[in-house]
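Worth knowing before you read on, the calculation uses all heavy atoms, side chains too, and leaves out hydrogens, waters and symmetry mates.
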Amino acid sequence: MTTFLEYICSNQGMVEKHMFTDCCTTNNTERLECFLSYKKDDMDYREIFQIPKPEQICEMDKENQMSMKAWYGYEISRRHPFLYGPTILTMSACYETAVQTCCQEENKTECLQIKLDPIRKYIKEISLRHHHLCDIGIKFNHNVAKAVELVLLTKKQPKANFSEIAKLTTDIKNLHKICCEGNAVACTLGRSQLMNYTCSKQVTLSSKTTQCCEQPEPFRGECIINLENDDKPNLSPLPLRRFTEDQSVCKQFTGKQDSFLEEFLYEYSRRHSELAVPVILRVDTIYRNLLGKCCTLENPWECYSRGNEMFQRVVRESRDRVKNHCGLHEKLGASNFHDRLIVLYTKKAPQLSVQELVVFTKKMADAATKCCPLREEQQFICVEDSAKLILGALCRRHEAEPINAGVGHCCDHSYAFRKPCFDDLQVDGAYLSPSLSCDQVINLKEDLCKAQEEELQIAKQKLLSSLVKQNPYATEMQFQSIIVDFLHLIGMCCHAEKSEKCLQEEGSKLMKKCQSLLED
């Protein structure tokens, strides 16, 4: 990596073109951190990428297979800068296989669409996860990153013993650090070694790895990572009980705190594969804080013996939040549910632009549409898992350009309790919205009549967010009354002979209602 950075810095044209001068004047460690800070996961830029037409693809593949594979790897890399090297290699190989297969088919277009869409979808999803894991490693201490890996591994391989899980946890955490630093060669070699070890330990880790271990590189690694959790073994409750019933808990806690808490996390995770990672980490945080308090008392056992009751409470509260979330989604329907989220999050983070708020809440609404129809256990995991990624992206936005103190607290204080913190966040009372007239808030131009349904929905949602910014303390009914009138007005006037005139004349009533809300 040092040699690679030296090469870049010695190329004056490249340095000036990409504005790397400040990085090249620093030493090795700071230089790497500086270069990494330039990595941007630009969604708008990603969408520009277009797969060539079938004829072009097949011609490229025919002329030079290596350039086709390399081209796709290059395009993935620059549009998904946080995607790990081994995954890029695997997806490039999958792309090449799909192209070679489809170029033999009569209907090449349909074949490529069927085979390439899942690849694109997987790349988008796994890139978000890789970015999220990198964030955890940077933002929180190494114990949080280790805890996340330990829970994931234990849930996937609940039959494995603690020493194996602890070893793999450390190895994977270190590998994530290498991959996040952009050292693609070391990342690829490290993953290969890790997968070799996993496949050599199938009996003690998980029998489900057999089907993956039979696959060639580079497909084997991605297969193992995406394996479903192994069947939960029939475990005795005794090993877990000792963490709240044993008289020597404080002695173990103060003696080897990290390994003791890791063992608790291991024993709890393998018995609760039905819980999402953030929920298990909440239990872990509760236990860590409980022992920190209890082990200073004269009778610590009496204090920490309440631990199990506290664990159950935090799980129950997390489950109830998800139930209420999905209950609201079912009651309101997808569109109105999205509107509700816009109101809530405009109050929480009014400093975000209306465009940002619409896009952010759309991701949350889409996650609810995907997760809420699932059966209860899957629904719980799905909502929590989606929320950690969506809120992680919001926290990256805050990191780049601070939003407000409340958002900052939720992002920084506790990774485990990030979602409950955002759920409970109220109106940002310190925010003073730029004073706007109703003419500035409500767009009643004739071009609305040419808008597609989706564009009209976005216009409606932007209006809703703008209204909340102006008066966050107005009632939901007041907001909805204006939105309903706005849509009715558009529907009526766009079918009128003179739509512009209709919008101006009939719109005056809407403006009066809007003014009343702003003055309230």
Heavy-atom count check: over 12 atoms from other residues, nucleotides or ligands less than 6.0 Å from Lys139 NZ?
yes
- Between Cys179 and Cys134, is the SG-SG gap less than 2.5 Å? no
Which of Val148, Asp258, Asp284 passes side chain to side chain contact (heavy atoms under 4.5 Å, CB included) with Asn143? Answer is Asp258
- Message: If the threshold is 4.0 Å, N to carboxylate O, is there a salt bridge linking Lys156 and Glu228?
- Response: no
- Message: Donor-acceptor check, side chain of Ser259 to backbone of Lys256, threshold 3.5 angstrom: yes or no?
- Response: yes
Backbone N/O of Pro86 and side chain of Thr90: donor-acceptor pair under 3.5 Å:
yes
Side chains of Gln355 and Lys462: donor-acceptor distance under 3.5 Å anywhere?
yes
- Query: Can you find a pair of side-chain heavy atoms, one from Arg270 and one from Lys232, that are under 4.5 Å apart?
  - Reply: no
Is the backbone of Cys212 close enough, under 3.5 Å, to the side chain of Arg220 for a donor and an acceptor to pair up by distance? no
Quiz item: Do side-chain atoms of Thr369 reach the backbone of Ala365 as a donor and acceptor pair under 3.5 angstrom?
Solution: yes
In short, Gln379 meets Cys372 closest at the heavy-atom pair NE2-O, 2.9 Å
| request: Say whether, by atom type as modelled, one donor and one acceptor occur between the side chain of Arg288 and the main chain of Gly292 under 3.5 angstrom. | output: no
Check your understanding: Can you find a pair of side-chain heavy atoms, one from Leu175 and one from Leu194, that are under 4.5 Å apart?
Key -> yes
Note to self: I'd like to know if the side chain of Asp424 and the backbone of Lys419 have a donor-acceptor N/O pair within less than 3.5 Å.
What the structure shows: no
Practice prompt. Could you walk me through whether Cys326 and Cys371 pass side-chain contact (heavy atoms from CB on, under 4.5 Å), step by step?
Written response: CA-CA 8 Å; Cys326 285; Cys371 300; 5.5 Å; no
(message) Quick one, Lys155 and Ile280 - any side-chain contact, counting heavy atoms below 4.5 Å?
(response) yes
For atom CD of Glu330, decide whether the heavy atoms of other residues, nucleotides or ligands shown that lie under 6.0 angstrom number more than 12. no
* Considering residues, nucleotides and ligands other than Lys347, do more than 12 of their heavy atoms fall under 6.0 Å from its NZ? -> yes
Heavy-atom nearest pair, Pro420 first then Arg282, reads CD-NH2, 3.7 Å
### His80 side chain vs Ser127 backbone, donor-acceptor pair below 3.5 Å
no
Is the shortest side-chain N to carboxylate O distance from Arg191 to Glu222 below 4.0 Å? yes
Heavy-atom nearest pair, Arg340 first then Glu476, reads NE-OE2, 2.6 Å
ask   = So, does Thr209 use its side chain to make a donor-acceptor pair with the main chain of Leu205 at under 3.5 Å?
value = no
message: side-chain hydrogen bond (donor to acceptor under 3.5 Å, both in side chains), that's the test. Do Tyr197 and Asp171 meet it? Break it down for me.
response: CA-CA 11 Å; Tyr197 180 82; Asp171 290 347; over 6 Å; no
| query | Using 30° and 60° as the class limits, which term best fits the ring planes of Tyr268 and Phe311: parallel, tilted or perpendicular? | reply | perpendicular
Val249 and Phe260 have their tightest heavy-atom pair at CG1-CZ, 4.0 Å
**Message:** Check this for me, if you would: do Asp231 and Lys159 make a salt bridge, where the nitrogen-to-carboxylate-oxygen distance has to be below 4.0 angstrom?
**Reply:** no
Residues pairing under ring pair (Phe, Tyr, Trp, His ring centres under 6.0 Å) where one sits in residues 344-377, two or more places apart or in two chains, turn out to be Tyr345-Phe360
* Would you mind checking if Asp117 and Arg120 are paired as a salt bridge, meaning a charged N to carboxylate O distance below 4.0 Å? => yes
CG of Leu290 to OG1 of Thr244, rounded to nearest 0.5 Å, is 9.5 Å
Within a reach of under 6.0 Å around NZ of Lys362, are more than 12 heavy atoms found that belong to other residues, nucleotides or ligands? no
Task: Sidechain N-carboxylate O distance under 4.0 Å for Arg79, Glu75 - done: yes
Checklist entry - Is there a side-chain contact between Asn404 and Pro350 (heavy atoms, below 4.5 Å)? => result yes
Practice problem: Please determine, by modelled atom types, if Thr346 and Ser465 share a side-chain donor-acceptor pair under 3.5 angstrom. | Solution: yes
Here the pair of heavy atoms bringing Ala160 nearest to Tyr266 is O-OH, 2.6 Å
Inset, instruction - Begin from the C-alpha positions of Gln351 and Asp428 and carry the test side-chain hydrogen bond (donor to acceptor under 3.5 Å, both in side chains) through to its verdict. - result: CA-CA 9 Å; Gln351 294 82 358; Asp428 180 10; 2.6 Å; yes
Under 30°, 30 to 60°, or over 60°: which ring-plane class applies to His176 and Tyr84, parallel, tilted or perpendicular?
tilted
request  = May I ask you to decide whether Asp339 forms a salt bridge with Lys460, counting only side-chain N to carboxylate O separations under 4.0 Å?
outcome  = yes
Quiz question: by atom type and distance under 3.5 Å, do the side chains of Gln440 and Ser437 form a donor-acceptor pair? yes
Measuring only between side-chain heavy atoms, which start at C-beta, is Leu281 closer than 4.5 Å to Pro278? no
Requested in this report: Measure the shortest side-chain to side-chain distance between Glu263 and Phe243 over non-hydrogen atoms and say whether it is less than 4.5 angstrom.
Outcome: yes
message: Does any part of the side chain of Phe417, heavy atoms only, come nearer than 4.5 Å to the side chain of Val314, both counted from C-beta?
response: yes
Under a 4.0 Å N-O cut-off, is there an ion pair linking Arg321 with Glu317?
-> no
Quick one: does Lys348's side chain get under 4.5 Å of Val427's, heavy atoms only? no
Below 30° counts as parallel, above 60° as perpendicular, anything between as tilted: where do the rings of His329 and Phe337 land? perpendicular
| side-chain contact (heavy atoms from CB on, under 4.5 Å) evaluation trace for Lys370 with Ser386 | CA-CA 10 Å; Lys370 179 184 80 172; Ser386 298; 4.0 Å; yes
For this session: State whether the side chain of Thr26 and the backbone N or O of Cys23 hold a donor-acceptor pair below 3.5 Å, judged by distance alone.
Result: yes
| query | Are Asp320 and Arg316 close enough, and set up right, to give a salt bridge (Lys or Arg N to Asp or Glu O under 4.0 Å), and what steps lead you there? | reply | CA-CA 6 Å; Asp320 287 346; Arg316 186 170 60 250; 5.2 Å; no
Value for CD1 (Ile123) from NE2 (His130), rounded to nearest 0.5 Å, stands at 11.0 Å
Heavy-atom nearest pair, Glu455 first then Gln452, reads OE1-N, 2.7 Å
Partner of Asp135 under salt bridge (charged side-chain N to carboxylate O under 4.0 Å, His left out), picked from Arg129, Lys388, Arg396, is Arg396
Within the 3.5 Å criterion, strictly below it, is a donor on Asp230 or Gln157 matched to an acceptor on the partner's side chain? no
Inset, instruction - Assess whether ring pair (Phe, Tyr, Trp, His ring centres under 6.0 Å) is satisfied between Tyr415 and His132, documenting all intermediate values. - result: CA-CA 11 Å; Tyr415 175 72; His132 187 73; 5.6 Å; yes
| request: Go through Leu352 and Leu394 one step at a time and tell me if the side-chain contact (heavy atoms from CB on, under 4.5 Å) criterion holds. | output: CA-CA 10 Å; Leu352 292 173; Leu394 179 63; 3.9 Å; yes
Check: Between the main-chain N or O of Leu456 and the side-chain N or O of Gln461, is there a donor-acceptor pair closer than 3.5 Å?
Finding: no
